[in-house]
Structure formats: structure tokens, C-alpha cells
Visitor: 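Please see the structure below; I have some questions.
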Amino acid sequence: MSQQKLIARGHPLDKLLRTERLPHIWCPGCGLGTLLGSFLRAVDYLVSKGVIDEKQLVVVTGIGCTGRLSAYVKLDGAHTPHGRAIPYAIGVKLGNPRLVPVVISGDGDIASIGGNHLIHAARRNMDLLVIMANNLNYALTGGQMGPTTPPGAYTTTTPRGNPERPFDVARMVASIGGNYVARWSIHYPVQLEESIKKALPRRGFRFIEVVSTCPEIFGRHVGYRTPPELYDRLKKVVRIKKPRALDDIVYDWEKEITLGVFRDEDEPGYMESICRLYSYEWCREIPEVKWARRLAK
Amino acid sequence: MPRVEFLTGNQAMAEAAIASGLRVFVGYPITPASDLFEYLSDKLPRYGGIVFQAEDEIAAINAIIGATYSGAKAMTATSGPGFSLMAESIGFAAMVEAPIVVINNMRAGPSTGIATGTGQGDIMQTRWSSHGHYGIVAFAPWSVQESYDMVIKAFDTAWRLRVPVIVLGDAVIAHTREPVEIHEPGEASVYERKKPRDPPGRFKPFKPDREDLVPPMAFYGEGYAVLAESLSHDERGYYSTRQEVYESLVKRLVEKIERSRDRIASSDAYYTTSSRVLVVAFGSLARSALALVRMLRKSGVKIGMWRPKSIWPLDEDGLVRAAEDAEKIIVMEMNLGQLYLEVSRILGPRGKTIELVPVISPQLPSHEELLSFMYKAGVKIG
Ligand code: SF4
């Protein structure tokens, strides 16, 4: 087969991509492509099954390597100032409750500069899916220490090793509430995809952390210089578990990074809660009500 | 049919927002804007709108930007400290051309300052709060009626030009109660967006119309795959570092306001014909200033007053006209000279003597007290 023919056929997910913007900026071997692939396959599936209309989706990102994702996805979206993806997405939902905002952003964006927004969105059980890529450092800005960086790790701002302790972000969100909390790593794209399929059409706050590889910056600084080396090093510590208590969830770069579903509830989200107080005309039409019925079946 | 009610400035602003079709209000408690938030919390849901309490002002402003992209008229209200927190995303709103309305009831700063005191120290902050160069519109009411009318004008301007519009109230106007003529909810005439004329695929979300430099606005959910891009972007909304793209974007964000200056810029002039002295004052201080002008006129001083209603942009032609017969201009404001800088820029080259009466006080001075501030500043009439 000629090469031309192969190119002409394209990729089955091209319809969800602004293909004219490719190639993307992500480094070879970066885990973010895996995340994007899982997300798009989940969206494609849900759209094909009629669970969701792609016109309803709004992909909101913040600043960082992950933040660039909204530019590649051919859906409504926003590339917001650093840390503000969550409040922007909440505004999208308030402005038109029939829409389905999805925040996809990095750990610096979501858990550091935007950390306050994260915990309050979880507290409110806001009808919102947040997918947080955790690449263990500030990558786009050159590899500074982040809220998820392992203790002792060498970064450009911790030249003698990181003296701080990291956040276990998924565990923190699970401790606050929200309807669905999970953590995966890019070693498990199928599990991640299934998780997104579950979490996207669901009411209330949903949070998925994706531990990702940043070989170009983080890996290089901590001594795993090639994509396979970092991939293997991370693979050694990620462990899928069914935690019975919050204390079973571990985030430790030396011993274990627990993966799995940490919370799986179906309580009414914020939008339904305000519909109990006021009879808005859209209350019957929000997708969350439909999804809750579907889940109950 | 309009009806007359007896409201505070904050209540009037809330009523005006409802009359303009407000759908989403996002607030964070702060004096002197909390009672506006409380008033809407009770009232807006009855008209189908949502009132949401954010975790901070940064969340509040970003949420209303998102809401406008969903097609909702959206607003927040705050005061100095909260307005400072919003700074970054004022620039974001300007960049993605989100038609938001922000009420900033000025209080005594800097920092926490005097939370219950009034102030006029946010003139330059309103213009330049966010980094980079962009355009902004701001109105400043001096009465409860104007608080009402200007919020309607703010919505109209925001949606007509796709710009963030600031209403600069102050602690005094916010809590003063006066009769005000108001419209029924949704009755105020507010510009509706220009809809995309091209179908999805061909539509470019940041391609401006030639006559007003404003791009038609596609809302989320309409199938246009529109990206609100905070990075420098081309007409498709795609990130670009190209010099021509960046230059035309930044210039357009400023020029679209310049081009509509006649519609936005407004001011009032009092006793300016053959007055040799012209007082310039705005907001609540202009009430005391006008009382002072009247007192002085009674004693035979040829003195008039000019009051800007739009602060950004200023009605420069109106100022020049009002100052025609004046030799001396006295700018009175509750800061150490901000509007003064603009007045000097405009009238300085015209050979006028321009003097400043700074009023640093948490309370609005009476007209007699204003006279003593004048003496303190060494400013003499005539
Ligand atoms: S810097 Fe790291 S996270 Fe960013 S694109 Fe490169 S590998 Fe991926």
C-alpha cells in the first residue's frame, strides 16, 4: 500500500481533533498523548451510544503541558489563566446547565495554584468531571518542584533535593467527597478509558488523577532519561488496589502509588440541589438527571 | 412600564441587572457589595437566574467569563480587595472578548484599608489592573438612579463590544437610598449578541466585523467547537506567536472601544458658560462638589463643574467644551490624583492651570468640609 493511501485514511479519532493543529507540542515519549487517547476513545464511545451529544461537551484546561490539550480537541473549550479551569467550567455549567464541562489540566494547575477551587468544587459535589494529569513537576516552565513532586527529588528549584512532602491529590479529594474519585497511570490506558466512560455521564463531582510520565523534564532530572526508563520506573510502584479505607491509599514514589477507584457514589450534585429549592425551567432537562436514572437501572 | 421605587444604590444595581436579563451572578462577600449579593440571592432565582457563592473573587470572575460563553448574561460585584484579586482575569475577559459586567464599589484603600469607608482610589486600577495592553470600559454613577441606568448601559456595552465593563460605584452611593425609576425584569433594552453568520467549520470565532471590529459570538453548545483562548490567537482562536497576528489582536482589543467612543463616553456639565473656574469631580464626591459650586456661585464666584459619567473612556470632547471659558481647573477626587492625571493630559496642552484637591477621608465630606480640603491643598478660587 502506498504511503499516501495510509495518510488519507486518517485516524478514527480525527473527527474529534483539530487535525490542522497537529503535530502537538508534547515531547516524544510524553504520557499526555496516552491520556488524550483514552479520553477521546471514551468520548467517541459515549457519543456513539447516544449517552452524550458531543455538542454538549466543553473541555476546559488551564496552563501547563496538559493545558494545551483543549487546543487539539475539536469540541467547545477554553484555555484559561493558570489555575482557573475549575471555576471557569463551573460558570459554563451555571450559564447553560444542559452543557457538560470537563476540566483536564495538570497537577500544578489543579492542585497548587488552583487548589482552593478543587477542594470547594468537591465540597459542593459540583456537577463536573476533573481529569488531573500528574507529571510530578512543573514541566512546561522547565522542571520546577510541584505539589506532587516526591520528597528528595532533584528539580530546578530544589537543586539539593525536594525538602517538601507531596499532596496525595486523589486521596485528598476522596476525603472531601464527590461522587467518583479514581487514580490511574498511563500504564493502564484501557482502565483509564473505562473510568472516564463511567465518570463522564454521571452527576456530582468526579475526579480522575492520571499519573503521567514526563521523560523530557522530570525523568531527566531524577535520572530516568529515556521514556522507557521512566515508564518502567513508575510502573514498579503503581499498584491497582481496592482500598477499604482512606489510609489504604498511598502516594509514595519509593514504595507505592495506589491506583483504582477510591470513591463511587451517586448523590445529587449541585445543580439538582438548587433544583430542590427553585423550579428552574431547565431542571428537567439537565443530563445529570438522565444519567442518575441510567445508573439506577 | 417603569415604576418608582425607593432603593439603595446596591439594590438599584441589582434591579438593573435583572432588568437587563441577568442569568448568572457569582459573588464573594465583601463590604460594601455584600448587600447587593444578598438582594440578588433572594430575588434573582425568582426570575430564573442563578446566584452562586464562589470560594474567592478569582473564582467569581472566571465563573462569569465561562457563563457568558455559555450564552448567559453574567455579573459579579466586589470592592477593592476583591477587585485586586480579579485583576488577572479582567485581562482574560478582554482577551477572549467575554461580555462580563463587574461592579466595583470603591472603598477606602490601600489594602484592607477602611472596609466601611468610601474611596475613589481605583481609577487607574480599573484601567490597568491586568498585565499587558487591552481595552476596558468603566462608568461611575453619582446617584441611585444612575447606578441603575449605568448597570443597564454596562450590559448593553459589554454585549455590543464583547468587552469587560466595570461599574465604579462607591460605598456612599451603594448605601444611599433614593427614589429610582425602574423597569420590569427583562424590560431594559440591552444589545443581544451578533450571531455567527457562517456555519460550523467555516466560522472563525475571532474574526471581527469590519465596521465595529467586534467578532460575532458563538455560544457553547451550538456546535461551533469554539475555543476561548487566553494565549495570543488568530481569527480561529488558535495560538500564534506571529508578530502580525499578535499586533492585530492587541490593537483591535483597544480600537474596538475607541471606535465606539461616541456611544460610551458621557459627562454632564454644570454652570460652565462663562465660568472662569471649573471643578472636575465624579461619583459621590461630585454631589458635595456641586453643592460647593452652588454655594460659591451665590457669593458671586464664576465657577462651574464637569462630571464624567464614563471614566474609561473619558468624554474628552465634553471636558474640552466644558473648560472652554475656564482659566483654572480644580480636580477634586478621593485619592492623591488619578483623574487629575487624565485631566492634565487633556487640558494641560490647552494652557489651563490645573490644580488638585485630594480628599483622603473615609467619609464623604460635606461641601463645607470640601472647602477646608481646598484650603489644605493651598488651592484658591480665582
Ligand atoms: S515537558 Fe514533560 S509533560 Fe511536558 S510535553 Fe514534555 S514530556 Fe510531556
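Naming: A, B, ... by sequence-line order, numbering from 1 per chain.
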Visitor: Which atoms form the tightest heavy-atom contact between Lys55(A) and Glu222(B), and what is the distance?
Guide: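 Between these two residues, the closest heavy atoms are CD-C, 3.9 Å.
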
Visitor: Dump the intermediate steps for side-chain contact (heavy atoms from CB on, under 4.5 Å) on Leu227(B) and Arg18(A), then the final yes or no.
Guide: CA-CA 11 Å; Leu227(B) 178 68; Arg18(A) 301 179 200 265; 3.8 Å; yes

Visitor: Please determine, among His117(A), Glu281(A), His120(A), the option with the most heavy-atom pairs under 4.5 Å with chain B.
Guide: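 If we count pairs closer than 4.5 Å to chain B, His117(A) comes out on top.
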
Visitor: Pick whichever of Ala72(B), Ser70(B), Ala59(B) has the most heavy-atom pairs under 4.5 Å with chain A.
Guide: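 Of the candidates given, the most pairs with chain A belong to Ser70(B).
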
Visitor: Between chain B and each of Tyr88(A), Trp282(A), Tyr278(A), count heavy-atom pairs under 4.5 Å; write down the option with the most.
Guide: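 Among the listed options, the one with the most contacts to chain B is Tyr88(A).
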
Visitor: With chain A as the partner chain, list the residues of residues 34-51 of chain B whose heavy atoms fall under 4.5 Å from it, by residue number, and write 'none' if nothing qualifies.
Guide: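 Answer by number: Ser41(B), Pro45(B), Gly48(B), Gly49(B), Ile50(B), Val51(B).
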
Visitor: Can you say whether Val226(B) sits under 4.5 Å from chain A via the side chain, the backbone, both, or neither, judging by heavy atoms?
Guide: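 Val226(B) touches chain A through backbone and side-chain heavy atoms alike.
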
Visitor: Could you tell me which non-hydrogen atom of Ala78(A) sits nearest to which non-hydrogen atom of Tyr220(B), and how far apart they are?
Guide: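 What the structure gives for the nearest pair is CB-OH, 3.6 Å.
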
Visitor: Take a 6.0 Å sphere around CZ of Phe167(A) and say whether it holds more than 12 heavy atoms from other residues, nucleotides or ligands.
Guide: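 Incorrect, the count does not exceed 12.
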
Visitor: Considering only heavy atoms, which portion of Arg124(A) lies under 4.5 Å from any heavy atom of chain B: side chain, backbone, both, or neither?
Guide: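 For Arg124(A), the contact with chain B is made by the side chain alone.
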
Visitor: Could you tell me which residues satisfy ring pair (Phe, Tyr, Trp, His ring centres under 6.0 Å) with Phe155(B), sequence neighbours excluded, listed by chain and number?
Guide: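 With neighbours one apart ignored, the set is empty.
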
Visitor: Is Lys207(B) atom NZ crowded by more than 12 heavy atoms from other residues, nucleotides or ligands, each under 6.0 Å away?
Guide: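 No.
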
Visitor: Please classify the contact of Glu20(A) with chain B as side chain, backbone, both or neither, using a heavy-atom distance under 4.5 Å.
Guide: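 Just its side chain gets close to chain B.
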
Visitor: Heavy atoms only: give me the nearest Glu55(B)-Asn116(A) pair and the separation to one decimal.
Guide: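 Reported closest heavy-atom pair: CG-ND2, 3.8 Å.
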
Visitor: How long is the gap from CG on Leu99(A) to OH on Tyr69(B), to the nearest 0.5 Å?
Guide: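 Here the interatomic distance stands at 14.5 Å.
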
Visitor: Determine the option with the most heavy-atom pairs under 4.5 angstrom with chain B, choosing from Val100(A), Thr80(A), Ile90(A).
Guide: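 Option with the greatest count: Thr80(A).
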
Visitor: List the atom of Tyr224(B), the atom of Asp76(A), and the distance in Å for their closest heavy-atom pair.
Guide: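 Answer, listing the atom of Tyr224(B) first, then Asp76(A): C-OD1, 4.1 Å.
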
Visitor: Do you know which of Ile61(B), Thr68(B), Asp56(B), Ile64(B) has the most heavy-atom pairs under 4.5 Å to chain A?
Guide: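 Option with the top pair count is Asp56(B).
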
Visitor: Under 4.5 Å from any heavy atom of chain B, what part of Ile274(A) do you find: side chain, backbone, both or neither?
Guide: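 Only the side chain of Ile274(A) comes within 4.5 Å of chain B.
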
Visitor: Measure the shortest side-chain to side-chain distance between Phe52(B) and Lys93(A) over non-hydrogen atoms and say whether it is less than 4.5 angstrom.
Guide: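 A side-chain contact is absent here, since even the closest heavy-atom pair is not under 4.5 Å.
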
Visitor: Could you report the tightest heavy-atom contact between Arg68(A) and Leu231(B), atom names first, then the distance?
Guide: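 Closest approach of Arg68(A) to Leu231(B): NE-CD1, 4.0 Å.
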
Visitor: Is it the case that Arg21(A) places NZ or CZ above or below the six-membered ring of Tyr238(B), under 6.0 angstrom from the centre and within 45 degrees of the axis?
Guide: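 Positive - Arg21(A) is close enough to the ring of Tyr238(B) and near enough to its axis.
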
Visitor: Give a yes or no on this: more than 12 heavy atoms of other residues, nucleotides or ligands lie within 6.0 Å of atom OH of Tyr246(B).
Guide: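 12 or below, so no.
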
Visitor: Within the distance-only criterion (no hydrogens, no angle test), does the side chain of Arg98(A) pair as donor or acceptor with the backbone N or O of Gly221(B) below 3.5 angstrom?
Guide: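 Not at all, since once roles are kept as given, no pair shorter than 3.5 Å links the two residues.
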
